[in-house]
Amino acid sequence: MENILVIGASGQIGSELVMALRTQYGNEHVFATDIKPAPRDVMESGPFQVLDVLDEKQMVHFVIRNKITQIYHLAAVLSGNAERIPIQAWDINMRSLLNILDLAREVKVKKVFWPSSIAVFGPTTPRVNTPQFTVMEPTTVYGISKLAGERWLEYYFRRYGLDCRSIRYPGLISYKTEAGGGTTDYAVEIYYEAIRKGSYECFLKEDTMLPMMFMEDAIRATIELMELPSDKVSVRSSYNVAGISFCPKEVADAIRQHLPEFEITYKPDFRQAIADSWPQSIDDSYARANNGWKHEYDLTKMTSVMLAEIAKKIER
Ligand code: AKB
């Protein structure tokens with residue numbers, strides 16, 4: 001029997017991943033932690049504890065006490081926020097990962113999942129159909145921490161045999177928990193503002209093309225990767241996984257199919273330079289070959305779900 005720990009359970013990915021894992025593995029087998037309270041369903045449907053991933057001692061006790069066999073470590077400072085506090089962000093992102101890798105090795109946790117990001121790529125990377133293996137010279141502190149993290153995952157796998165797995169997430173779009181501090185977050189905010197105000201001021205230029213993915217696809221990609229037999233996981237740094245690519249103007253057009261009066265204006269800020277250093281689209285043929293990965297949501301389907309769900313949420 002697996003006992004799974006999700007660290008960062010109150011965040012955008014964590015809050016949905018916990019619920020998906022609980023459906024699959026049973027509520028009492030999926031333990032959720034975060035430094036802040038999680039959405040109600042996460043806190044009420046199974047074990048939840050406020051716990052700081054940087055608190056090594058408490059973390060070890062928690063993992064031993066609950067006989068944890070798998071860890072998903074999702075806590076991180078995202079790209080936009082990290083640029084505001086670079087040294088602190090590096091410290092939080094790296095120290096938390098190293099704590100978890102070392103703990104997992106010592107306590108003999110079977111598998112660890114850690115999210116990487118398209119932020120590992122930089123301006124010298126081919127931006128269209130970015131390959132799995134290519135030039136990686138990130139210019140953001142978030143990207144540097146993700147690239148270093150990928151190297152640590154592979155190191156722990158090769159040196160200690162720790163079964164580490166990872167995905168380079170594109171921008172993730174969801175309606176349940178609002179994202180915080182990322183460069184791709186405009187693609188979540190735009191839907192909320194479309195429902196709340198009928199207009200949105202975008203912090204990226206209208207033609208800024210970035211790789212994106214609907215959360216349901218991302219959760220499925222994650223669980224599918226974690227369920228793969230170990231010998232089928234050929235990439236031990238992190239898998240490129242693609243969904244859709246679009247720019248702000250295209251999302252605005254898709255929203256107008258439902259809300260014809262919707263208006264968008266553009267006021268690029270410091271996040272434009274970050275977006276300009278990232279890929280526009282991703283080649284995920286390794287993930288497709290290894291895990292049979294395939295995304296299900298395109299921009300049109302995702303837009304219908306986002307608008308309908310956010311409207312319900314705001315009415316309540
Ligand atoms: C961000 O924008 O920082 C994240 C990411 C692409 O990793 N969504």
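All values below were derived from every heavy atom in this structure, side-chain atoms included, with hydrogens, water molecules and symmetry-related copies excluded. Since we're looking at a predicted model, the values are computed, not measured. Counting starts at 1 for both ligands and their atoms, in listed order.
Applying the 4.0 Å criterion to heavy atoms of Trp278 picks out, from ligand 1, the atoms 1 (C), 2 (O), 3 (O), 6 (C). Counting atoms of ligand 1 from 1 in the listed order, those under 4.0 Å from a heavy atom of Leu78 are 3 (O). Shown in contact with Ser79 at under 4.0 Å from a heavy atom are these atoms of ligand 1, numbered in order with element: 1 (C), 2 (O), 3 (O). Near Thr183, the atoms of ligand 1 lying under 4.0 angstrom from a non-hydrogen atom of the residue are 1 (C), 2 (O), 3 (O). Near Gly182, meaning under 4.0 Å from any of its heavy atoms, are these atoms of ligand 1: 1 (C), 2 (O), 3 (O).
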*Could you check Lys312 against Glu315 for salt bridge (charged side-chain N to carboxylate O under 4.0 Å, His left out), going step by step and ending with a plain yes or no?*
CA-CA 5 Å; Lys312 272 194 241 160; Glu315 265 167 29; over 6 Å; no
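Checked against a 6.0 Å centroid threshold, the rings of Tyr286 and Phe133 count as neighbours.
Under the 3.5 Å distance criterion, with hydrogens and angles disregarded, no donor-acceptor pair is assigned to the side chains of Ser281 and Ser245. Looking only at atom types and distance, the side chain of Tyr192 has no donor-acceptor partner in the side chain of Arg196 under 3.5 Å away.
Between atom 5 (C) of ligand 1 and the options Ser117, Pro170, Ala119, the minimum heavy-atom separation is to Ser117.
Considering backbone and side-chain atoms alike, Tyr169 places every N or O at 3.5 Å or more from each N or O of ligand 1. Residue-to-ligand polar distances place Thr184 within reach of ligand 1: an N/O pair is separated by less than 3.5 Å.
Geometrically, Arg271 engages Phe203 in a cation-pi contact, judged by NZ or CZ lying under 6.0 Å from the ring centre and within 45° of the ring axis. Note that Arg236 lies in the cation-pi zone of Phe157, set by a 6.0 Å cut-off to the ring centre and a 45° limit from the axis.
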